[in-house]
Amino acid sequence: MNDDLHRLRHSAAHILAQAVKRLWPKTKLAIGPPIEEGFYYDVAPEQPLTEEDLPRIEAEMGKIIQASLPFRQSWMSREAAAAFFNQRSEPFKAEIIRDLPDPKVSIYTNGEFIDLCEGPHVETTAQIRAVKLLSIAGAYWRGNERNPQLTRIYGTAFFEPKELEDFLKVREEAKRRDHRRLGTSLRLFSILEEAGAGLVFYHPKGAVLRQIVEDYSRRQHAARGYQPVITPHLLRSDVWVRSGHYEFYKPNMYTFKLEEGQEWGVKPMNCPGHILIYKATLHSYRELPLRLFELGTVYRNEKSGVLHGLLRVRGFTQDDSHIFCRPGQLKSELEGVLAFVQAAMTDFGFSEYRVEMSTRPPDFMGNQAQWDKAEEILNGVLKAKGIPYEVSAGAGAFYGPKIDIHVKDSLGRYWQCATAQLDFVLPERFGLTYVEENGQEARPVMIHRAILGSLERFLGTLIEHYGGAFPLWLAPVQVAVIPLTQDQEPYARQVLEKLSGEGLRVEMDDRRETLQARIRDAELSKIPHMLIVGKREAESGKVSVRSRAAGDRGAVALEEFIRQAAEEIRERR
RNA sequence: GCUGGAGUAGCUCAGUCGGUAGAGCACGUCCUUGGUAAGGACGGGGUCACGGGUUCAAUUCCCGUCUCCAGCUCCA
């Protein structure tokens with residue numbers, strides 16, 4: 001966001017607060033900053049606000065804008081400001097002032113409204129020409145869930161009404177692409193109340209889509225020197241105690257005791273399983289790096305409020321690998337992981353992504369020196385590859401720092417998929433070793449990594465990215481064969497068998513519906529190609545092609561269609 | 001988990017100021033054999049999320065639970 005837009009939205013936030021104060025004078029104000037999509041203001045109202053109040057607030061904002069009130073900056077000493085806001089019953093403002101380091105604080109005034117604020121602002125309220133309130137939600141004071149909860153009013157503002165219009169159009173488009181809606185209408189998956197929140201049921205078409213992605217993943221891993229493993233979904237709790245999950249991750253784990261038996265834990269991560277495989281045999285330095293790979297299904301007891309379609313679930317499958325290597329191999333292994341991510345993102349049609357590095361959390365395992373070293377290595381690799389990244393302090397896993405990759409979808413939204421985490425701690429806790437060239441035992445280091453992240457989240461992202469209109473190589477149904485009348489069914493069946501034989505995913509729509517109705521259904525199902533066969537095609541051995549992108553392409557020889565489809569699949573368009 | 005909103009047919013939704021409900025799509029049967037986005041007729045389908053309470057009577061009012069939505073916090 002540029003400075004001008006920043007100024008504009010910040011000013012709009014003030015006007016929002018001003019309008020709320022006019023309507024409900026006893027409302028207490030917290031903060032109101034501009035954000036990526038607009039702005040918000042956190043308030044503590046006397047009575048709960050609802051979406052129905054937004055038009056009233058907007059109308060009041062309109063009056064303030066009409067009045068063309070100038071924004072004026074002034075200064076107060078800290079003490080004076082604290083007293084001033086206390087006297088006006090604004091405890092949140094007073095609390096902010098108490099924590100400010102400066103002796104003087106900046107105050108902005110427009111009309112009767114006075115707010116603690118560094119600015120900058122536009123000159124007058126009349127400069128806000130396109131503003132809209134969007135939604136209302138809860139938010140914690142200072143982002144801490146132990147603090148009181150405030151009401152957050154979201155809005156957005158632009159310089160020109162046209163820009164606002166475009167913004168609202170993109171929001172509408174995002175709604176149309178919502179993977180939860182498409183998941184139902186394209187019959188891809190369900191999440192069923194009776195079965196439990198956050199648990200995904202893949203319907204046949206969704207399962208086909210997932211298998212295509214799984215096949216891709218397996219092939220790519222094999223090609224890059226990863227070895228497949230398969231581990232149990234359930235391990236004795238002793239393992240989770242040893243790995244540290246019991247201490248650091250228990251609230252998220254499904255654990256249970258059987259009568260007179262052991263305690264068990266359903267795996268929330270695949271690492272201990274892979275570690276046990278490593279530990280089961282003796283290793284020479286010659287075997288390293290050892291890259292163990294599993295499409296590993298894990299279960300995590302996520303808080304109910306965070307669940308969201310496929311993007312946040314309780315049971316999911318990661319394309320998970322643990323690379324055991326010598327310390328000196330870390331750099332090249334990490335580079336290999338980053339190259340793998342780049343290649344995969346390109347293949348799936350994502351061109352832009354954001355990289356984030358997360359450092360040591362407050363609750364961590366191991367010692368600080370190991371962490372410093374690990375963070376330094378991650379930094380080094382990203383810098384050496386010239387990849388720009390943001391640092392998210394304190395957001396690492398409990399066993400090591402990590403690099404996360406957030407891919408940008410077609411609507412400019414980011415979703416976290418790939419992750420690479422460095423770990424000196426678990427090899428030590430499990431006493432992992434390998435035999436060095438000189439015959440001495442040495443300790444390997446581990447990289448935990450996922451390329452697509454979780455298949456659930458990745459599929460959700462793919463659905464939204466393509467709006468359900470998948471490129472040919474991903475489409476669950478690639479071709480629909482539509483015989484014009486019953487007389488063409490034998491020929492249509494031949495076409496179907498020929499295409500299936502070529503490895504294409506084909507369905508025949510021989511329902512007694514009109515051609516128009518069947519074309520409509522195929523379009524709504526977003527099937528890439530329709531082959532319409534009537535008397536003319538049956539006699540000439542051709543098919544009439546109608547494609548999702550190009551429309552009616554006329555009659556072509558069946559062989560020619562197969563050739564074009566093969567080409568299209570190869571190009572992964 | 002928290003704040004606010006919500007749960008009516010497979011889907012999208014209407015409705016009942018307390019007297020056990022309706023549309024479109026989908027589904028089934030029949031008619032229609034159609035040339036590039038909805039042919040027609042008839043029909044089946046609902047414990048109005050679940051459990052309690054109030055009431056002569058609850059889908060409707062009250063309480064609890066589950067689930068979903070928008071965020072917050074957390075995360076693949």
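Note on naming: letters A, B, ... go to the chains in the order of the sequence lines (proteins, then strands), and numbering restarts at 1 for each one.
- Distance CG (A:Asp521) to C1' (B:rU36): 13 Å, rounded to an integer number of Å.
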Using a cut-off of under 3.5 Å, enumerate the N/O to N/O pairs linking the protein to nucleotides 71-74 of chain B.
from, atom 1, to, atom 2, distance (Å)
B:rG71, O3', A:Tyr154, OH, 3.2
B:rG71, O2', A:Gly138, O, 3.4
B:rG71, O2', A:Tyr154, OH, 3.3
B:rG71, N2, A:Gln149, NE2, 2.8
B:rG71, N3, A:Gly138, O, 3.4
B:rC72, O4', A:Gly138, O, 3.2
B:rC72, O2', A:Tyr140, N, 3.2
B:rU73, O2', A:Glu145, OE2, 3.3
B:rC74, O2, A:Arg312, NH1, 2.9
B:rC74, O2, A:Arg312, NH2, 2.5
B:rC74, N3, A:Arg312, NH1, 2.9

With 3.5 Å as the limit, what N/O pairs link the protein to nucleotides 28-33 of chain B?
from, atom 1, to, atom 2, distance (Å)
B:rU33, O2, A:Gln486, N, 3.0
B:rU33, N3, A:Gln486, OE1, 3.0
B:rU33, O4, A:Gln486, OE1, 2.3

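- Counting to the nearest Å, the C1' atom of B:rC68 and the CD atom of A:Glu194 are 15 Å from each other.
- Separating the C1' atom of B:rC62 from that of B:rC69 is a span of 24 Å, rounded to the nearest Å.
- Comparing the P positions of B:rU60 and B:rU20 gives a spacing of 14 Å, expressed to the nearest Å.
- If you check distances only, the side chain of A:Arg449 never reaches the base of B:rA76 with a donor-acceptor pair under 3.5 Å.
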Ring pair (Phe, Tyr, Trp, His ring centres under 6.0 Å) assessment of A:His465 paired with A:Phe348: CA-CA 10 Å; A:His465 182 62; A:Phe348 283 102; over 10 Å; no
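- In this structure, the CD atom of A:Glu513 is 14 Å from the P atom of B:rA41, given to the nearest Å.
- Donor-acceptor pairing under 3.5 Å is lacking for the side chains of A:Lys205 and A:Ser525.
- Straight-line distance from the CG atom of A:Leu311 to the P atom of B:rC75: 17 Å, rounded to whole Å.
- Across the C1' atoms, B:rG18 and B:rC56 are found 12 Å apart, a figure rounded to whole Å.
- Checking A:His322 against A:Asn270 by side-chain atom types alone, no donor-acceptor pair falls below 3.5 Å.
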Using atom names, set out every protein N or O paired with an N or O of nucleotides 45-51 of chain B below 3.5 Å, distance rounded to 0.1 Å.
none

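- In this structure, the CD1 atom of A:Ile519 is 9 Å from the P atom of B:rA38, given to the nearest Å.
- Between the side chain of A:Arg457 and the base of B:rC75 there is at least one donor-acceptor pair of N/O atoms closer than 3.5 Å.
- Between B:rU65 and B:rU16, the distance separating the two P atoms is 29 Å to the nearest Å.
- Between B:rG39 and B:rC61, the distance separating the two C1' atoms is 48 Å to the nearest Å.
- For the pair A:Phe364/A:Val425, no side-chain contact is recorded, criterion being any heavy-atom separation below 4.5 Å from C-beta on.
- Under the salt bridge (charged side-chain N to carboxylate O under 4.0 Å, His left out) criterion, no residue pair touches residues 192-204 of chain A, with sequence neighbours excluded.
- For B:rA70, one of the phosphate oxygens OP1 or OP2 lies less than 4.0 angstrom from a side-chain nitrogen or oxygen of A:Arg180.
- Spacing between B:rC68 and B:rU12 at atom C1', rounded to whole Å, works out to 16 Å.
- Remark: A:Glu172 pairs with A:Lys175 by the salt bridge (charged side-chain N to carboxylate O under 4.0 Å, His left out) rule, at least two apart or across chains.
- Qualifying salt bridge (charged side-chain N to carboxylate O under 4.0 Å, His left out) partners for A:Asp53, counting only residues two or more places apart in sequence or in other chains: none.
- The separation of B:rG40 from B:rU59, taken at their P atoms, amounts to 37 Å, rounded to a whole angstrom.
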Pair A:Glu90-A:Lys21, salt bridge (charged side-chain N to carboxylate O under 4.0 Å, His left out): steps then yes or no: CA-CA 12 Å; A:Glu90 293 288 5; A:Lys21 281 296 251 188; 2.8 Å; yes
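- The C1' atoms of B:rG44 and B:rU36 are separated by 33 Å, rounded to the nearest whole Å.
- Between the side chains of A:Trp141 and A:Glu95, at least one donor-acceptor pair of N or O atoms lies under 3.5 Å.
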Between side-chain atoms of residues 183-192 of chain A and protein atoms elsewhere (two or more places apart, or another chain), which donor-acceptor pairs fall under 3.5 Å?
from, atom 1, to, atom 2, distance (Å)
A:Thr184, OG1, A:Arg180, O, 3.3
A:Ser185, OG, A:Arg181, O, 3.4
A:Ser190, OG, A:His203, NE2, 2.6

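- Cation-pi geometry between A:Arg152 and A:Tyr40 is met: under 6.0 angstrom from the ring centre, within 45 degrees of the axis.
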Watson-Crick and G-U pairing of RNA chain B, under 3.5 Å, as dot-bracket with | and [ ]: (((((((..((((.....[..)))).(((((.......))))).....(((((..]....))))))))))))....
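- Contacts classified as salt bridge (charged side-chain N to carboxylate O under 4.0 Å, His left out) and involving residues 478-490 of chain A (residues at least two apart or in different chains) are given here: A:Glu489-A:Arg512.
- Here the nucleotide nearest the side chain of A:Lys402, chosen from B:rA76, B:rG35, B:rC69, is B:rA76.
- Of the side-chain N and O atoms in A:Thr151, none sit less than 4.0 angstrom from OP1 or OP2 of B:rU3.
- With sequence neighbours excluded, the residues that form a side chain to side chain contact (heavy atoms under 4.5 Å, CB included) with A:Thr255 are A:Lys250, A:Met253, A:Glu263.
- Computed from coordinates, the A:Met530 CE to B:rG35 P distance equals 17 Å when rounded to whole Å.
- Under a cut-off of 6.0 angstrom, the local environment of CZ in A:Arg511 is crowded, with over 12 non-hydrogen atoms contributed by other residues, nucleotides or ligands.
- Minimum atom distance to the side chain of A:Arg300 is reached by B:rC75, of the listed B:rC75, B:rG35, B:rA37.
- Of all the residues in residues 533-545 of chain A, A:Gly534, A:Lys535, A:Arg536, A:Glu537, A:Ser544 reach under 4.0 Å from RNA chain B with at least one non-hydrogen atom.
- Counting only N and O atoms by type, the side chains of A:Glu560 and A:Gln564 include a donor and acceptor under 3.5 Å apart.
- Residues of residues 313-321 of chain A having a heavy atom closer than 4.0 Å to RNA chain B, listed by number: A:Val313, A:Phe316, A:Gln318.
- A:Val43 approaches A:Ile153 most closely through the heavy-atom pair CG2-CD1, 4.3 Å.
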